[in-house]
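Just below is one structure, and these are the notes that go with it.
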Amino acid sequence: MAVSFKKLEKKQITNLKQQKQHLYRYWKDSRMINDDSVLKAFLAVPRELFVDPSYLDQSYADHPLPIGSGQTISQPTTVLLMLQLLNVLPEQRILEIGTGSGYNAALLAELAEMVVTVERHVELADVACENLCRAGLEEVVVIKGDGKQGYSKLAPYDRIIVTAAANRVPKNLKDQLAVGGLLVAPVGARHGCEMLLMRKTAQGHFQTSGHGLFSFVPLI
Ligand code: SAH
């Protein structure tokens, strides 16, 4: 599914580099993304390794792309806005629900020491593993299973990010978040879910804020 950067023609590489730079400048100049660590992670990870080869020329287009199994790799701006909200620090333990292509997990691996990501579609999880290896990020732990359960073996997590929309944040995820930790998740209907940021203030207690409306594939 994914391709090696080496197999791309020179002209294609130049185009992709220009498009990547364009997106970066757009975020910087509009001040939409002002977290330098997030921008640095974006520059470090080749998104073209995570998109389906038939969409290669759209690797840095600012919209979602199909990745198979009826799923999508999210729009780059959405991905970066979520990472900015998540406010990851280098020594932290991160759990992602919805591995998809592995792209967001790759960005997380640039930001933090330990990244666990859970995907329910076995084929997508396998491709994500390949993509992450190609990007030199084989340390990411990819788990095949239902992300609504979280992944208790490596809990608690300092940060949890959900990349599919549910009607509510699953209880297991809230339980597996460390006190003081942050959780970012789109909550509500597929088209028009609200991006929630939850801070766990004590066991069973959260401060929640809303950060705009988005569209996401459902958390099943
Ligand atoms: N983060 C991904 C894109 C997410 S798309 C990327 O960077 O490419 C949402 C993903 O969530 C899809 O791959 C979908 O299969 C997965 N998903 C949906 N419900 C899930 C569940 N209950 N457990 C784990 N993954 C789930």
Side-chain angles (χ1 to χ4, degrees), residues 1-2 23 38 41-42 44-53 55-56 58-86 88 94-112 115-135 137 140-154 157 159-174 176 183-191 193 195 214-220:
M1 183 172 171
L23 208 43
V38 170
F42 169 74
V45 176
R47 193 168 191 263
E48 52 274 38
L49 295 183
F50 294 84
V51 305
D52 186 287
Y55 295 99
L56 198 68
Q58 296 179 51
S59 295
Y60 294 99
D62 201 17
H63 54 70
L65 293 170
I67 53 171
S69 305
Q71 306 301 318
T72 53
I73 177 171
S74 305
Q75 174 181 0
T77 293
T78 303
V79 174
L80 265 77
L81 284 171
M82 289 176 80
L83 288 178
Q84 185 163 262
L85 277 177
L86 200 62
V88 174
I94 320 290
L95 175 66
E96 178 196 34
I97 307 304
T99 313
S101 66
Y103 178 64
N104 191 47
L107 294 173
L108 289 166
E110 290 291 332
L111 293 168
V115 179
V116 180
T117 178
V118 186
E119 172 57 54
R120 64 182 284 276
H121 279 290
V122 174
E123 325 80 67
L124 285 181
D126 287 339
V127 173
C129 281
E130 286 172 26
N131 295 345
L132 286 160
C133 280
R134 246 187 297 264
L137 296 167
V140 174
V141 181
V142 180
I143 305 294
K144 295 168 185 168
D146 178 9
K148 294 196 291 301
Q149 308 300 318
Y151 190 65
S152 59
K153 275 190 196 158
L154 294 172
Y157 302 95
R159 300 287 185 263
I160 298 180
I161 181 166
V162 186
T163 65
N167 285 333
R168 63 185 66 82
V169 176
K171 184 177 181 303
N172 289 310
L173 300 185
K174 289 180 172 178
Q176 290 172 26
L183 182 152
V184 170
V187 171
R190 177 176 185 153
H191 299 292
C193 43
M195 192 59 68
F214 294 81
S215 289
F216 272 86
V217 296
L219 185 74
I220 295 166

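Start at 1 and go down the list; that is how both ligands and their atoms are numbered.
Within ligand 1, the atoms closer than 4.0 Å to a non-hydrogen atom of Ser101 are 6 (C), 7 (O), 8 (O), numbered from 1 in the order shown. Residue-ligand proximity, Ile73 to ligand 1, at heavy-atom distances under 4.0 Å covers atoms 8 (O). Residue-ligand proximity, Leu124 to ligand 1, at heavy-atom distances under 4.0 Å covers atoms 13 (O). Atoms of ligand 1 lying under 4.0 Å from at least one heavy atom of His121, given by number and element, are 15 (O). The contact set between ligand 1 and Gly145, taken as ligand atoms under 4.0 Å from a residue heavy atom, comprises 23 (N), 24 (C).
With atom 3 (C) of ligand 1 as the reference point, the heavy atom nearest to it among Thr72, Thr78, Asn104 is part of Thr72. Of the candidates Thr99, Val79, Val118, Thr163, it is Thr99 that places a heavy atom closest to atom 6 (C) of ligand 1. Of the listed residues (Pro170, Pro218, Ala166), the one carrying the non-hydrogen atom nearest atom 18 (C) of ligand 1 is Pro218. Which of Glu119, Arg120, Glu96 comes nearest to atom 15 (O) of ligand 1 through a heavy atom is settled by distance: it is Glu119. Scanning Gly68, Ser74, Gly147 for the heavy atom closest to atom 23 (N) of ligand 1 points to Gly147.
In terms of modelled atom types and a separation under 3.5 Å, the side chain of Glu96 and the main chain of Ile161 share no donor-acceptor contact. Within the 3.5 Å criterion, the main-chain N or O of Gly68 finds no donor-acceptor partner in the side chain of Asp52. Using modelled atom types, no side-chain atom of Arg159 and backbone atom of Ile94 make a donor-acceptor pair closer than 3.5 Å.
At a heavy-atom cutoff of 4.0 Å, ligand 1 is contacted by the side chain of Val217 but not by its backbone.
No option in Val45, Val115, Leu83, Val38 other than Val45 meets the side chain to side chain contact (heavy atoms under 4.5 Å, CB included) test with Glu110. Among Thr117, Val142, Val140, the one residue that satisfies the side chain to side chain contact (heavy atoms under 4.5 Å, CB included) test with Cys129 is Val142.
Residue Ala164 places no N or O, backbone or side chain, under 3.5 Å from any N or O of ligand 1. For the pair Gly98 and ligand 1, the shortest N or O to N or O distance falls below 3.5 Å.
For the pair Pro76 and Leu23, the minimum side-chain heavy-atom distance is below 4.5 Å.
Summarising the geometry, atom CG belonging to Leu124 is positioned 8.5 Å from atom OG1 belonging to Thr99; distances are rounded to the nearest 0.5 Å. For the atom pair OG1 of Thr72 and NE2 of His63, the computed distance is 12.0 Å after rounding to the nearest 0.5 Å. Going from atom CG of Leu183 over to atom CG of Leu85 covers 11.0 Å, rounded to the nearest 0.5 Å. The line from NZ of Lys148 to CG of Leu173 is 10.0 Å long, rounded to the nearest 0.5 Å.
Within the structure, ligand 1 lacks Ala106 among the residues with a heavy atom less than 4.0 angstrom away.
The protein atom (non-hydrogen) at minimum distance from atom 12 (C) of ligand 1 is Gln71 OE1, 3.3 Å. At the shortest separation from atom 19 (N) of ligand 1 among protein heavy atoms lies Ile220 N, 3.0 Å.
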